[in-house]
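Data first, discussion second: the structure below is written as structure tokens.
So you know, we letter chains A, B, ... as the sequences are listed, proteins then strands, and number each from 1.
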Amino acid sequence: MTPEELSAAITACLKDAVDAGELNVPAEALPKEVRVERPKSREHGDWATNIALQLAKPAGVAPRKIAEVLSTRLAQIPGVSQVDIAGPGFLNIVLDAAAAGELAKAIVEAGASYGSNSQMAGTKINLEFVSANPTGPIHLGGTRWAAVGDSLARIFQSQGADVTREYYFNDHGNQIDKFARSLLASAAGQPAPEDGYGGAYIEDIAAEVVAKNPEILASEDPQEGFRAQGVELMFAAIRASLHEFGVDFDVYFHENSLFEDGAVEKLLEQLKGSGNIYAKDGAWWLNSTEYGDDKDRVVIKSDGNAAYIAGDIAYFKNKRDRGFDLCIYMLGADHHGYVARLKAAAAAMGDDANRVEVLIGQMVNLVQEGKPVRMSKRAGTVVTMEDLVEVVGTDAARYSLARFSSDSNIDIDLDVLTKRSNENPVFYVQYAHARTSAVARNAAAAGVERTSFDAAALNHATESELLAVLGQYPGVLSQAASSREPHRVARHLEVIAGAYHRWYDACRVAPMGEEAVTDTNRTRLWLNDAVGQVLANGLSLLGVTAPERM
RNA sequence: GCGUGCGUAGCUCAAUGGAUAGAGCACCUGACUACGGAUCAGGAGGUUGGGGGUUCGAGUCCCUUCGCGCGCACCA
């Protein structure tokens with residue numbers, strides 16, 4: 001029995017009790033679904049619910065009274081062996097070993113689909129992340145969004161959503177001009193411009209452009225030549241790093257394309273007629289304060305040119321025209337001022353601002369010897385995606401960035417990265433998976449096969465614990481999707497790995513020595529394989545491999 | 001100044017308003033000469049920055065205060 005099944009059964013009991021007049025609760029106070037939790041202490045049973053506490057106020061009855069009414073009904077649920085009322089009114093539930101054990105078989109039979117769901121089916125999501133300007137390699141901050149964003153996309157997909165990963169490729173504007181001037185300066189043997197870009201990669205790209213076009217410095221507009229080809233090369237390098245990192249975008253959207261076909265101008269003309277845009281001081285303004293911005297923003301400058309935000313509006317319209325129901329933007333904390341204006345951009349189109357969702361993630365800090373280190377090219381403390389992958393590998397890099405909540409700043413210690421990478425919990429999880437493979441190999445060698453299955457044989461304390469955390473996995477995925485928090489998946493895998501290691505320590509799968517193979521051996525193999533399956537499923541959502549040997 | 005996020009064990013971080021606040025690392029003590037010791041068992045380590053409030057119940061919600069990060073352009 002899974003927690004979802006138990007939850008559904010309790011919900012039905014509650015409805016029956018109300019229908020039978022045993023409880024007087026207004027219909028609107030009844031939850032659609034009763035939440036079932038795993039108690040921290042084993043003394044509180046396998047599962048617990050606080051439904052009686054929640055209904056006490058609307059029903060106007062003491063919580064323990066409600067608990068008493070429900071407990072007799074819950075005890076009738078097949079598979080439930082015991083129901084206790086504890087504390088202020090918690091209902092603690094103990095399952096039959098057999099009912100709990102069935103899960104092992106169900107997981108193996110579900111295979112890669114265990115944990116999947118169709119609750120987001122029919123939702124077409126545009127998930128935009130990274131979107132770093134092609135003026136340099138991807139830094140640690142962008143690397144974090146690559147790991148988190150790609151995982152989130154995979155988690156959405158596991159819940160049935162239709163997800164497009166999108167990279168907004170900014171190739172229009174003066175950041176790019178600075179980049180082009182920097183390349184030109186480097187090729188001409190001059191120092192980098194005042195506000196330009198330095199660093200070895202500029203020299204490399206400039207040299208590559210020159211190698212391909214020996215005459216470029218003497219051409220009519222060398223800066224334009226460096227711009228066009230430099231951006232191309234830089235972008236190819238970024239794509240290669242991302243690919244190496246296991247992140248491939250479905251759409252690389254060029255900002256330039258919004259301007260080339262006059263879409264922005266056309267759009268601006270339309271917007272002048274909408275109620276969300278007004279003229280003042282010779283410019284046109286968007287009423288972004290309506291959406292929480294601290295001031296309105298200029299859309300068309302007094303010189304008649306489009307301001308940056310005009311591109312955002314056009315881009316949003318473009319996404320909606322492509323059929324996306326929900327446009328999610330993952331941005332760093334240095335862009336949190338954008339939330340209101342992106343929502344205002346949607347509203348300016350006459351669209352629902354809730355079509356826009358902005359996820360703000362906090363920064364990655366570098367630490368060395370306990371002290372913060374500023375990223376500085378000069379000091380050699382810029383850490384790029386490639387650097388990170390080179391030192392710890394893609395698996396450890398992705399895992400260590402995805403296992404933290406995006407709401408927290410995270411500190412990455414350069415010393416830990418370079419010297420003690422095996423401190424990363426990814427190895428704990430991967431090792432557990434490799435161990436399930438080793439156990440399966442040994443079982444096969446001993447003649448243990450998944451022929452018979454006796455759920456009641458899974459009655460050891462570590463087995464009850466292991467089954468419980470495996471049962472929580474689908475709920476964790478669902479919550480990770482709805483709260484947009486991939487780190488929950490990683491944390492839960494660590495819990496499963498821990499429970500597995502403890503079980504391994506206590507319960508053998510293969511028989512010892514000359515002992516005969518029993519149904520217990522076979523049943524435990526189901527459980528072992530179920531764990532391997534769940535760990536593999538979860539790791540794949542994080543873009544991390546599940547090795548059979550380490 | 002305004003906005004926003006954060007503050008939890010020595011360090012890095014968890015904890016859909018639930019019961020005794022948890023892991024990893026570091027430290028200490030142990031484990032089957034039987035499926036891989038990248039493991040397991042145990043110990044020590046906390047006034048969840050401080051102070052109020054709401055609630056049957058607060059690390060979590062509200063107010064206040066302190067500290068840190070980030071942002072506050074007719075730049076893109």
Side-chain angles (χ1 to χ4, degrees), chain A residues 35 37 39-41 43-44 48 50 53-54 56-57 62-63 86-90 92 133 170 172-178 255 280-285 292-295 297-303 305 307-309 311 332-340 360-363 365 367 370 372 400 403-413 416 420 422-425 427-428 430-432 434-435 437-443 445-446 448 475-476 478-479 482-483 485 487-488 490-492 494-495 497-498 500-513 521 524 528 549-550:
Chain A
R35 206 164 67 211
E37 290 180 320
K40 281 174 192 157
S41 165
E43 295 162 18
H44 296 144
N50 62 355
L53 291 161
Q54 291 179 339
K57 190 165 284 180
F90 290 105
N92 294 335
N133 286 352
N170 184 330
H172 177 93
N174 66 17
Q175 300 294 325
I176 297 296
D177 293 340
K178 280 187 206 170
E255 184 184 11
K280 190 183 89 178
D281 302 337
W284 288 86
W285 300 70
D293 208 347
D294 47 358
K295 56 179 290 189
R297 303 289 162 177
V298 167
V299 185
I300 306 172
K301 296 188 273 188
S302 51
D303 64 6
N305 287 322
Y308 184 73
I309 192 173
D334 53 342
H335 286 70
H336 75 242
Y338 283 36
V339 178
I360 296 297
Q362 300 301 313
M363 300 306 206
N365 306 308
V367 173
S400 60
R403 73 186 286 270
F404 298 124
S405 161
S406 300
D407 285 339
S408 305
N409 295 57
I410 53 176
D411 293 338
I412 299 268
D413 190 320
V416 170
R420 296 179 290 176
N422 60 346
E423 284 179 13
N424 194 315
F427 297 110
Y428 185 75
Q430 286 186 314
Y431 180 63
R435 187 171 247 182
S437 301
V439 168
R441 287 192 294 270
N442 292 330
V448 180
V476 169
S478 164
Q479 199 196 340
S482 60
S483 59
E485 293 180 324
H487 76 275
R488 290 178 182 278
R491 298 292 174 157
H492 192 64
E494 292 167 27
V495 170
Y500 176 74
H501 286 312
R502 283 188 286 279
W503 173 67
Y504 170 91
D505 205 52
C507 300
R508 287 186 57 92
V509 172
M512 289 195 280
N521 298 119
R524 284 176 177 172
N528 177 76
R549 289 188 167 82
M550 289 176 72

A/E494 atom CD is separated from B/rA38 atom C1', nearest whole Å, by 14 Å
A/D413 CG to B/rC13 C1', in whole Å, measures 14 Å
Stacking of A/Y428 on B/rA38 base (centres under 5.5 Å, planes under 30°)
no
Between A/A440 and A/N528 the two heavy atoms that sit nearest each other are N-ND2, 3.9 Å
(message) Regarding A/E37, tell me which of base, sugar-phosphate or nothing describes its non-hydrogen contacts under 4.0 Å with the strands shown.
(response) base
Sugar-phosphate only, base, or nothing, as touched by A/D177 at under 4.0 Å among non-hydrogen atoms: nothing
> With rounding to whole Å, what would you report as the distance between B/rA26 and B/rC63 at their C1' atoms?
Replying inline: 39 Å
Rounded to whole Å, CE of A/M512 lies from P of B/rU33 at a distance of 12 Å
Checking B/rA14, B/rC70, B/rC56 against the side chain of A/D334 (C-beta onward), the nearest is B/rC70
From CZ of A/R403 across to C1' of B/rG24 the rounded distance in Å is 7 Å
Between the protein and nucleotides 73-76 of chain B, list the N/O to N/O atom pairs that are separated by less than 3.5 angstrom.
| unit_1 | atom_1 | unit_2 | atom_2 | d |
| --- | --- | --- | --- | --- |
| B/rC74 | OP2 | A/K295 | NZ | 3.4 |
| B/rC74 | O2 | A/S302 | N | 2.8 |
| B/rC74 | O2 | A/S302 | OG | 2.8 |
| B/rC74 | N3 | A/S302 | OG | 3.1 |
| B/rC74 | N4 | A/D281 | O | 2.9 |
| B/rC75 | OP2 | A/K301 | NZ | 3.1 |
| B/rC75 | O2' | A/N174 | ND2 | 3.0 |
| B/rA76 | OP1 | A/K301 | NZ | 2.7 |
| B/rA76 | O3' | A/H172 | O | 3.0 |
| B/rA76 | N6 | A/Y338 | OH | 3.2 |
| B/rA76 | N1 | A/Y338 | OH | 2.3 |

Below the 4.0 Å mark, does B/rA15 have OP1 or OP2 next to a side-chain nitrogen or oxygen of A/R488? yes
Comparing nearest nucleotides in RNA chain B, the 5'-proximal residue of the pair A/R435, A/Q54 is A/Q54
RNA chain B nearest-nucleotide lookup for A/P39 and A/R441: closer to the 5′ end is A/P39
Whole-Å distance, A/N92 CG to B/rU20 P, equals 13 Å
Atom CG of A/N365 and atom P of B/rU12 are separated, to the nearest Å, by 11 Å
Closest non-hydrogen atoms of A/H336 and A/I360, given as atom of the first, atom of the second and distance, are CA-CD1, 3.6 Å
Is A/D505 paired with A/R508 through a side-chain N to carboxylate O contact shorter than 4.0 Å? no
Correct closest heavy-atom pair for A/P425 and A/E494 would be CB-OE2, 3.7 Å
Distance col, row A/S437:OG vs A/M550:CE, nearest 0.5 angstrom, shows 11.0 Å
request  = Look at all strands and tell whether A/H44 reaches a base, only sugar-phosphate, or nothing, counting heavy atoms closer than 4.0 Å.
outcome  = base
Using a 4.0 Å heavy-atom cut-off, does A/Q362 contact any base of the nucleic acid, only the sugar-phosphate backbone, or nothing at all? base
Picking from B/rC70, B/rC56, B/rG36, the nucleotide nearest the side-chain atoms of A/P88 would be B/rC56
What one should report as the nearest heavy-atom pair of A/A443 and A/V509 is CB-CG1, 4.0 Å
>> Suppose you measure atom C1' in B/rG17 against the same atom in B/rU48; what distance do you get, rounded to whole Å?
In response: 15 Å
- For A/Y504, which contact category applies under a 4.0 Å heavy-atom criterion: base, sugar-phosphate, or nothing? base
Heavy atoms only, 4.0 Å cut-off, all strands: where does A/I360 land among base, sugar-phosphate and nothing? nothing
Given the C1' atoms of B/rC6 and B/rU60, what is the spacing between them in whole Å? 14 Å
### Task
Determine the contact category for A/A48: base if any of its heavy atoms lies under 4.0 Å from a base atom, sugar-phosphate if only primed atoms, P, OP1 or OP2 are that close, otherwise nothing.
base
| request: Using a 4.0 Å heavy-atom cut-off across all strands, classify A/F404 as base, sugar-phosphate, or nothing. | output: sugar-phosphate
Establish, with yes or no, whether the OP1 or OP2 oxygen of B/rA15 is under 4.0 angstrom from a side-chain nitrogen or oxygen of A/H487. yes
At 4.0 Å (heavy atoms only), tell me whether A/S405 reaches a base, stays on the sugar-phosphate, or touches nothing.
sugar-phosphate
**Prompt:** Do A/N409 and B/rG69 share a donor-acceptor pair, side chain to base, under 3.5 Å?
**Reply:** no
Check: Considering only the P atoms, how many Å lie between B/rG10 and B/rG71, rounded to the nearest integer?
Finding: 31 Å
Looking only at B/rG18, B/rG36, B/rA14, the nucleotide nearest the A/R491 side chain is B/rA14
With C1' as the reference atom in both, quote the distance from B/rC68 to B/rA73 in angstrom, rounded to an integer.
26 Å
Under 3.5 Å between N/O atoms: give me all the protein pairs with nucleotides 44-48 of chain B, atom names plus distance.
none

Do the side chains of A/E37 and A/F90 get nearer than 4.5 Å, heavy atoms only? no
Scanning all shown strands, the Watson-Crick or wobble mate of B/rA44 with both distances under 3.5 Å is none
Here the gap from A/I309 atom CD1 to A/W285 atom CH2, rounded to the nearest 0.5 Å, amounts to 11.0 Å
When both distances are under 3.5 Å in a Watson-Crick or G-U wobble arrangement, the nucleotide paired with B/rG71 is B/rC2
Between A/A48 and A/P39, the two heavy atoms sitting closest are CB-CG, 3.9 Å
As its Watson-Crick or G-U partner within any shown strand, both distances under 3.5 Å, B/rG10 has B/rC25
Considering only heavy side-chain atoms of A/D411, the closest of B/rC13, B/rU20, B/rC56 is B/rC13
| query | Does the side chain of A/L53 come within less than 4.5 Å of A/P88's, by heavy atoms? | reply | yes
Looking across every strand, which nucleic acid part, if any, lies under 4.0 Å from A/G513 by heavy atom: base, sugar-phosphate, or nothing? base
Among B/rU39, B/rC70, B/rU20, the one nearest any side-chain atom of A/S41 is B/rU20
- Item | Inter-nucleotide P distance (B/rC40, B/rA21), Å rounded | 23 Å
- Message: Using 30° and 60° as the class boundaries, would you call the ring planes of A/W503 and A/Y500 parallel, tilted or perpendicular?
- Response: tilted
When rounded to whole Å, the CG to C1' distance for the pair A/D505 and B/rG42 reads 13 Å
Item checked: Distance under 6.0 Å and angle within 45° of ring axis: A/R435 vs A/Y504 -> yes
Exercise. Quantified in whole Å, what is the P atom distance between nucleotide B/rG1 and nucleotide B/rA9?
Worked result: 28 Å
- [ ] Under 4.0 Å between any heavy atoms, over every strand shown, what does A/D294 touch: base, sugar-phosphate, or nothing? Just pick one.
- [x] sugar-phosphate
If pairing means Watson-Crick or G-U wobble with both distances under 3.5 Å, then the partner of B/rA34 is none
inquiry  = Rounding to an integer number of angstrom, what distance separates B/rA23 and B/rG51 when you compare their C1' atoms?
reply    = 31 Å
For A/N92 and A/A86, the nearest pair of non-hydrogen atoms, with its separation, is ND2-CB, 3.4 Å
For residues A/R549 and A/R441, determine if any side-chain heavy atom of one lies less than 4.5 Å from a side-chain heavy atom of the other. yes
From CZ of A/R502 across to C1' of B/rG42 the rounded distance in Å is 14 Å
